[in-house]
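Computed from a predicted structure; not experimentally measured.
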Amino acid sequence: MAIGLDTSVVLRLLIGEPRSHVEIARRRLERAVSAGDRVVVEALAAAAPARTGVIDRQMVARYRSLGALTATFDRRQARLQGGMLLRGGG
């Protein structure tokens, strides 16, 4: 499987805050790498449903076209087809 990283995940990993989100993202990425999954860090491409920003919709569509899920802490983006909400423990 391939997993795309939403900017909310990348930003938290870069700045280290909030610490709880950093640890959730780190653990998920470590599991992906251990399982031999590809972690995709691209962005822009198509469109999708409303109530999420254009860039978020484009990002999810692009990752989906690559066969990847988009890991995010953004609940709206996670509701898009191909979105995956990161939570404690998973």
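The minimum heavy-atom distance between R75 and L85, with the atom names listed, is NH1-CD2, 3.3 Å. Here the closest non-hydrogen pair linking L13 and A25 is CD2-CB, 3.9 Å. The two residues L69 and Y63 make their nearest non-hydrogen contact at O-CB, 4.4 Å. When every heavy atom of A68 is checked against every heavy atom of G4, the shortest pair comes out as CB-N, 3.9 Å.
Remark: T70 pairs with no residue by the side-chain hydrogen bond (donor to acceptor under 3.5 Å, both in side chains) rule, at least two apart or across chains.
A distance-only check finds no donor-acceptor pair linking the side chain of S34 to the backbone of R31 [under 3.5 Å].
Connection of I15 to L5 is not established within any shared hydrophobic cluster, with ILVMFWY side chains joined at heavy-atom distances below 4.5 Å, either directly or through further cluster members.
Atom CE in M59 sits 8.0 Å away from atom OG1 in T72 (nearest 0.5 Å).
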Quiz prompt | side-chain contact (heavy atoms from CB on, under 4.5 Å) between L86 and H21, intermediate numbers included | solution = CA-CA 8 Å; L86 295 181; H21 284 180; over 6 Å; no

Quiz prompt | Trace of the side-chain contact (heavy atoms from CB on, under 4.5 Å) decision for R28 with V9 | solution = CA-CA 11 Å; R28 180 61 181 97; V9 174; over 6 Å; no

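Applying the salt bridge (charged side-chain N to carboxylate O under 4.0 Å, His left out) test to pairs two or more places apart or on separate chains, those with a residue in residues 7-25 are R19-E23, E23-R26.
The only option from V10, L11, D6 that meets the side-chain contact (heavy atoms from CB on, under 4.5 Å) definition with S8 turns out to be D6.
The shortest distance between side-chain heavy atoms of V60 and Q77 falls below 4.5 Å.
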